[in-house]
Amino acid sequence: MVDEIQMGKTRLKIQQGDIVEAGTEALVNAANSALAGGSGVDGAIHRVAGPELYKLTRVFGGCPTGSAVITGAGRFPLPTRYIIHAVGPMYNLMDENNRSRLLASVYRKSLELADEKQVKSIAFPAISTGVYGYPITQAAPIAIQTTLDYLTQTPQTSLEQVLFILFSAHDFEVYQQVLGAVG
Ligand code: APR
């Protein structure tokens with residue numbers, strides 16, 4: 001099983017755990033299009049960041065599915081300085097074509113936002129695979145391949161570390177298998 005691979009200057013690593021403990025410069029939040037907060041990753045990140053995170057997201061007036069916005073990290077301790085609020089697709093709301101395209105675009109947009117701020121490390125949850133119902137076995141290859149494609153197409157990236165944080169042992173194993181297949 002593979003837990004990490006090197007892509008140019010960037011290390012891709014898979015870890016099981018809680019995203020609020022990732023300790024990366026940017027954390028990706030699995031948000032909704034209203035940026036209204038919620039449960040899962042959204043609940044965990046807002047709990048640590050504190051109420052000011054809502055003030056930081058309110059200015060955007062929402063975020064379309066497949067896109068993301070970047071804000072400060074509220075009360076998170078350094079080195080975490082940014083939260084990237086990523087809005088993944090709801091699996092049952094759209095056909096295969098649209099949901100896979102939108103899931104890929106939310107990973108790409110998150111990476112683009114991180115590079116705009118010259119971020120060196122970022123942690124992703126398994127976007128859309130909880131409340132939004134995207135099967136992890138279908139979402140994992142999209143998450144990893146989109147990230148690999150981005151890094152191949154963006155040799156000037158500032159990213160030195162990309163973490164994929166999985167909450168359950170099962171999800172961690174699915175990501176390991178996918179990384180092993182592409183690594
Ligand atoms: N750390 C890491 N991963 C977590 C955590 C955590 N603290 N909590 C949940 N997860 C995992 C879930 O097990 C799932 O695999 O993150 C993945 C994404 O699950 P959700 O957080 O439910 O996100 P998503 O499926 O994208 O749904 C987004 O849920 O919380 C609401 O406001 C949010 O409406 C939005 C929707």
Side-chain angles (χ1 to χ4, degrees), residues 3 12-58 60-71 73-77 80 82-94 96 98-111 113 121-144 146-147 161-179:
D3 290 6
L12 270 74
K13 203 166 156 41
I14 297 169
Q15 273 175 2
Q16 186 184 345
D18 189 324
I19 193 150
V20 300
E21 288 155 12
T24 50
E25 256 186 276
L27 297 180
V28 178
N29 180 23
N32 53 57
S33 55
L35 302 177
S39 58
V41 170
D42 211 354
I45 284 181
H46 275 276
R47 260 194 303 281
V48 175
E52 55 262 51
L53 193 58
Y54 288 109
K55 291 197 193 94
L56 297 174
T57 54
R58 203 176 293 138
F60 293 95
C63 176
T65 298
S67 191
V69 296
I70 188 165
T71 68
R75 295 180 190 156
F76 267 96
T80 299
Y82 298 107
I83 303 295
I84 294 171
H85 306 266
V87 184
M90 292 184 211
Y91 188 75
N92 292 323
L93 273 199
M94 53 192 84
E96 179 50 32
N98 273 320
R99 59 193 175 215
S100 53
R101 176 178 58 80
L102 288 167
L103 188 61
S105 79
V106 77
Y107 278 92
R108 194 168 34 253
K109 180 68 180 170
S110 299
L111 292 162
L113 289 170
S121 58
I122 188 170
F124 282 102
I127 299 169
S128 285
T129 65
V131 167
Y132 281 0
Y134 218 115
I136 190 87
T137 49
Q138 295 176 38
I142 295 172
I144 290 177
T146 304
T147 303
Q161 183 187 55
V162 177
L163 288 187
F164 294 98
I165 307 282
L166 289 314
F167 215 35
S168 72
H170 171 261
D171 293 359
F172 177 75
E173 280 154 28
V174 169
Y175 266 68
Q176 269 188 319
Q177 280 158 17
V178 173
L179 197 63

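For ligands, and for the atoms within them, numbers begin at 1 and follow the listed sequence.
Residue pairs that meet the salt bridge (Lys or Arg N to Asp or Glu O under 4.0 Å) test with at least one member in residues 164-178, sequence neighbours left out, do not exist here.
With hydrogens left out, the protein atom closest to atom 14 (C) of ligand 1 is Thr129 OG1, 3.3 Å, a heavy atom. If you check which protein heavy atom lies closest to atom 31 (C) of ligand 1, you get Ser39 N, 3.8 Å. Scanning all protein heavy atoms for the shortest distance to atom 36 (C) of ligand 1 gives Tyr132 CE1, 3.5 Å. Among protein heavy atoms, the minimum distance from atom 18 (C) of ligand 1 is reached at Ala126 O, 3.3 Å.
In terms of heavy atoms, Asn32 sits closest to Val87 at O-CG2, 3.5 Å. Shown here for Leu35 and Cys63, the closest heavy-atom pair between the two residues is CD2-CB, 4.1 Å. Counting all heavy atoms, side chain and backbone alike, Gly88 lies closest to Ile127 at CA-CG2, 3.8 Å. Nearest approach of Leu27 to Val20, heavy atoms of both residues: CD1-CA, 4.3 Å.
Using a 4.0 Å cutoff on heavy atoms, Gly17 counts as a contact of ligand 1. For the ligand labelled ligand 1, residue Gly37 lies inside the 4.0 Å heavy-atom shell. A heavy-atom separation below 4.0 Å is not found between Gly88 and ligand 1.
The part of Ala44 lying near ligand 1 is the side chain, judged by heavy-atom distances below 4.0 Å. The side chain of Asp171, and not its backbone, has at least one atom closer than 4.0 Å to an atom of ligand 1 (non-hydrogen atoms only; side chain from C-beta on).
Aromatic ring orientation, Phe124 versus Tyr107: tilted (interplanar angle from 30° to 60°).
For ligand 1, none of its N or O atoms has an N or O atom of Gly43 under 3.5 Å away. Of the N or O atoms in Val41, one or more lie within a sub-3.5 Å distance of an N or O in ligand 1. On a distance-only criterion, Gly130 and ligand 1 share at least one N/O pair closer than 3.5 Å. Considering backbone and side-chain atoms alike, Ile19 places an N or O below 3.5 Å from some N or O of ligand 1.
With a 4.5 Å cut-off on side-chain heavy atoms, Leu179 and Asp3 do not count as touching.
Here atom 11 (C) of ligand 1 lies nearest to Phe167 when heavy atoms of Phe167, Phe164, Tyr91 are compared.
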